[in-house]
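The structure under discussion appears below in the form of structure tokens.
First the proteins, then the strands, lettered A, B, ... as listed; each starts at 1.
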Amino acid sequence: MLKDFSVMNNEIQAKITEFDLEQTFECGQCFRWNKVYENGYLGVSRGRVLEIEQKSDRFIFRGTDRDTFENYWMDYLDLRRDYGEIIEKVSTEKNMIKATQYGNGIRILLQDEWEALVSFIISSNNNIKRIKKIVDGLCSIFGNPVEYKGHVIFAFPNPEDIYGSGCDDLGDIKCGYRAGYIIDAVEKVHLGEVDIGSIRKMNYQQGAKELMKIKGVGPKVADCVLLYGGAKYESYPVDVWVKRVTEALYLKKDSKPDEIKSIAREMWGDLAGFAQQYLFYYARENQLETGEVK
DNA sequence: ACCCAGGTCATCA
DNA sequence: TGATGACCTGGG
């Protein structure tokens, strides 16, 4: 975790343990951070740009100021949390020990709830590469441009930026049948039928119920939004990878999502979301079909 | 041509 | 409630 940081020459420097840019930004939880050079990533959240460079456990943050860093990015990057402690607590058996060693620099980002919602609507029955492409397309059409060191980055559009558009207006981003889902989300959030801004205050059940009012939002998408945007760390999103690996390691049989979620809750309690992320990253990066440790 | 990808929906019993 | 197909799109 981050203990303190220093500001000089418009740069913020800090030593942070259990943090790796590639693991955190490429583990499938977010879709808008891009590698711009070796060990350097550039991203935007809620219209704020940030450049991060990593040298082992030393980090340099650029494009921000002390106030924004302390009041926004510290929380976004979850830098106040002791992930050494998280890893220790979820490493309940040998496979999880392996998974947490493999992804020991993963942090769960606190993303904008609306961005997480739309991103994971797009994620359904889709692959990560194409999800990124579609999300980028949505931003370049509807988002506000932000300039940084010659890069033009488009912020993620707010509901009001998209409101008034129809499915046809989303044709260029090639999101297929998900266009209708996105429009439904835009309308319900914009008109106040869904209170996306309150999911962090709600409990897990309330949050899930609220999110699933939207077309295209089922249990898996709701779980992702609650975990990555709603800080509901007991959430255990069950996709094809997590299903495979959880069944193989713990259940030893074909199981329904609710059974998979409940055993995760038994093993890791309100830290199940962290466990899920380590397992997902480990299984997917190693293309594990059975979940067995190699 | 067929299958898959961080699933959900409509339909049917 | 629970099971079964269909589904935009692009890559292997």
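- Atom C1' of B/dA5 sits at a distance of 22 Å from the matching atom of C/dA3, rounded to the whole Å.
- Counting heavy atoms from C-beta on, the side chains of A/F31 and A/C139 never come closer than 4.5 Å.
- Ring orientation note: the planes of A/H151 and A/Y148 are close to parallel, at an angle under 30° on the 30°/60° scale.
- Residue A/K55 qualifies as open at atom NZ: its count of foreign heavy atoms under 6.0 Å is 12 or below.
- Rounded to an integer number of Å, the gap from NZ of A/K132 to P of C/dG11 is 16 Å.
- Separating the NZ atom of A/K129 from the C1' atom of B/dG6 is a distance of 17 Å, rounded to the nearest angstrom.
- Taking atom C1' on both C/dT4 and B/dG6, the two are 22 Å apart, rounded to the nearest angstrom.
- A/R46 and A/D112 are joined by a salt bridge, as a carboxylate oxygen and a charged side-chain nitrogen come within less than 4.0 angstrom of each other.
- Counting heavy-atom neighbours within 6.0 Å of A/E93 CD, excluding the residue itself, gives a total above 12.
- Atom CD1 in A/I214 sits roughly 18 Å away from atom P in B/dG7 (whole-Å rounding).
- Of the two residues contacting DNA chain C, namely A/N125 and A/K256, the nearest-nucleotide position lying further toward the 5' end is that of A/K256.
- Taken residue by residue, residues 22-34 of chain A places heavy atoms nearer than 4.0 Å to DNA chain B at A/C27, A/G28, A/Q29.
- Here B/dA10 presents its P atom at 13 Å from OH of A/Y177, a figure rounded to the nearest Å.
- As judged by a 4.0 angstrom heavy-atom cut-off over every strand, A/V238 is placed among residues making no nucleic acid contact.
- Taking a pair as Watson-Crick or G-U with both hydrogen-bonding distances under 3.5 Å, the stems of three or more pairs touching DNA chain C are B:2-5 with C:9-12, B:7-13 with C:1-7.
- Contact check on A/K243 versus A/E259 returns no salt bridge, with no Lys/Arg side-chain nitrogen under 4.0 Å from an Asp/Glu carboxylate oxygen.
- Of the candidates A/F25, A/F59, A/W33, A/Y41 forms a ring pair (Phe, Tyr, Trp, His ring centres under 6.0 Å) with just one, namely A/F25.
- Put simply, NZ on A/K174 is 23 Å from P on B/dA5, counting in whole angstrom units.
- A/K215 comes within 4.0 angstrom of sugar-phosphate atoms only, judged by non-hydrogen atoms across all strands, and of no base.
- A/F280 qualifies as a stacking partner of the B/dG6 base, centre to centre under 5.5 Å and near-parallel within 30°.
- Taking the ring axis of A/Y72 as reference, the NZ or CZ atom of A/R48 stays within 45° of it and closer than 6.0 Å to the ring centre.
- Residue side chain A/R178 does not reach the base of C/dC7 through any donor-acceptor N/O pair under 3.5 Å, judged by distance alone.
- In this entry the distance linking NZ of A/K213 with P of B/dT8 reads 18 Å, nearest Å.
- Distance, A/D172 CG to C/dT9 C1': 15 Å, rounded to whole Å.
- Clustering ILVMFWY residues whenever any of their side-chain heavy atoms sit less than 4.5 angstrom apart, transitively, puts A/I183 in the very cluster that holds A/L211.
- Between the side chain of A/Y181 and the base of B/dG7 there is no donor-acceptor pair of N/O atoms closer than 3.5 Å.
- Computed from coordinates, the A/D223 CG to B/dG6 P distance equals 17 Å when rounded to whole Å.
- Within 3.5 Å, a donor on the side chain of A/Y228 pairs with an acceptor on the base of B/dG6, or the reverse.
- A centroid separation of less than 6.0 Å is found between the aromatic rings of A/Y228 and A/F120.
- Side-chain atoms of A/P237 lie closest to B/dG6 of the nucleotides B/dG6, C/dG10, B/dG7.
- Using P as the reference atom, C/dC8 and B/dA10 are 13 Å apart when rounded to the nearest Å.
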